[in-house]
Amino acid sequence: MPQLPRPAEPADIPELIRLRAVALDSLGVDPGPADAAWRQTAYDWFGERMGGRADVHCLVVGGAPGEPLLATGMAWVTYHLPSPQWTDGRRGYLDGIVTDEAARGRGHGRRIVDGLVAWLNDTGIHYIQLHASADGEPVYKAAGFVTGRYPGMDLFTTPTA
């Protein structure tokens with residue numbers, strides 16, 4: 001029987017950071033050493049979002065809180081200008097969906113995606129966006145995601161002193 005996703009808890013944060021490093025590595029980004037500065041920032045980031053915010057939901061597959069995780073993913077509400085079709089301007093965004101290398105191919109990612117989409121739908125949000133890696137794209141397409149209507153663009157600026 002497949003393991004069902006459960007809501008993440010604060011005790012899962014070290015594993016969420018470990019899986020974030022797995023995701024970064026699979027995207028060709030060196031996550032650096034265990035004491036890299038981004039990891040403390042990530043610890044605080046996850047802690048703030050797991051502190052009872054109603055607009056963020058994180059699911060995990062794996063052991064009890066604090067034990068090794070097999071997969072994770074997050075959804076949150078984003079706020080945009082209202083439109084005739086999306087009158088309150090809210091959209092859902094999926095991010096951080098990753099399955100540990102040894103646990104891939106067992107449907108964990110798809111169960112995470114389905115659980116996050118269900119949470120957003122239950123919240124009244126029916127417009128959901130994400131950015132897909134090449135490895136994740138088949139999972140998202142199988143869940144019903146399509147190529148976005150508008151092309152994405154990024155701008156990276158240089159911080160000034």
### Task
Kindly give the heavy-atom pair with the smallest separation between Arg111 and Gln3, and that separation in Å.
NE-O, 3.1 Å
### Message
Quick check: is Tyr43 connected to Val98 through a chain of hydrophobic side chains (ILVMFWY, heavy atoms under 4.5 Å apart)?
### Response
yes
#### Entry: Leu116 CG to Trp76 CH2 distance, which is reported to the nearest 0.5 Å
10.0 Å
### Query
Rounded to the nearest 0.5 Å, what separation is found between the CD1 atom of Ile125 and the CH2 atom of Trp119?
6.5 Å
### Task
Would you name the heavy atoms of Met50 and Cys58 that are closest together and state the gap between them?
CE-SG, 4.2 Å
### Check: Val56 and Met74 side chains under 4.5 Å, non-hydrogen atoms
yes
### Query
When rounded to the nearest 0.5 angstrom, what distance separates CG in Leu27 from CG in Asp135?
8.0 Å
### Task
Could you tell me which residues satisfy side chain to side chain donor-acceptor pair (under 3.5 Å) with Thr78, sequence neighbours excluded, listed by chain and number?
His80
#### Entry: Criterion salt bridge (Lys or Arg N to Asp or Glu O under 4.0 Å) on Arg110 and Asp114, from CA distance to verdict
CA-CA 6 Å; Arg110 176 61 191 272; Asp114 289 347; 2.9 Å; yes
### Query
Can you name the nearest heavy-atom pair linking Ala71 to Thr99, along with the distance?
CB-OG1, 3.6 Å
### Query
Do Thr123 and His57 have side chains that get closer than 4.5 Å, going by heavy atoms?
no
### Task
For residues Ala64 and Asp12, report the shortest heavy-atom separation together with the two atoms involved.
O-OD1, 4.2 Å
### Query
Can you name the side chain to side chain donor-acceptor pair (under 3.5 Å) partners of Glu48, sequence neighbours left out?
Arg53
### Query
Arg91: what forms a salt bridge (Lys or Arg N to Asp or Glu O under 4.0 Å) with it, not counting sequence neighbours?
none
### Task
Run the numbers on Arg106 and Val61 for side-chain contact (heavy atoms from CB on, under 4.5 Å), then give the verdict.
CA-CA 11 Å; Arg106 298 186 213 162; Val61 173; over 6 Å; no
## Note on the structure
So salt bridge (charged side-chain N to carboxylate O under 4.0 Å, His left out) across residues 150-161, not counting sequence neighbours, yields none
### Query
Of all residues at least two apart in sequence or in a different chain, which pass the side-chain contact (heavy atoms from CB on, under 4.5 Å) check with Ala11?
Pro65
### Message
Would the distance check show the side chain of Asn121 and the main-chain N or O of Val117 forming a donor-acceptor pair, the cut-off being under 3.5 Å?
### Response
yes
### Query
So if you build clusters from Ile, Leu, Val, Met, Phe, Trp, Tyr with side-chain heavy-atom gaps below 4.5 Å, do Val113 and Val146 land together?
no
### Message
Taking Ile112 as the starting point, is it possible to reach Val60 by hopping between hydrophobic residues whose side chains are less than 4.5 Å apart?
### Response
no
### Query
Leu59 and Phe46: same hydrophobic cluster, using ILVMFWY side-chain contacts below 4.5 Å?
no
### Query
Who are the side chain to side chain donor-acceptor pair (under 3.5 Å) partners of Asp44, not counting sequence neighbours?
Gln40
### Query
Nearest 0.5 Å, what's the OG1-CD1 distance between Thr72 and Ile97?
9.0 Å
### Task
Give a yes or no on whether the backbone of Pro31 and the side-chain of Trp38 come within a donor-acceptor separation of less than 3.5 Å.
yes
### Task
Working to the nearest 0.5 Å, report the span between CH2 of Trp45 and CG of Leu16.
9.5 Å
### Query
In the single-linkage hydrophobic clustering (I, L, V, M, F, W, Y; side-chain heavy atoms under 4.5 Å), do Tyr93 and Tyr127 co-cluster?
no
#### Entry: Heavy-atom closest pair, residues Gly32 and Arg39
O-NH2, 3.2 Å
### Message
Are Phe145 and Glu137 packed together at the side-chain level, in the sense that at least one heavy-atom pair is separated by less than 4.5 angstrom?
### Response
no
## Note on the structure
Between the CG atom in Leu69 and the CG atom in Asp100, the distance rounded to the nearest 0.5 Å is 9.0 Å
### Message
Ignoring hydrogens, what is the shortest heavy-atom contact between Ser26 and Arg104? Give both atom names and the distance.
### Response
CB-NH2, 4.4 Å
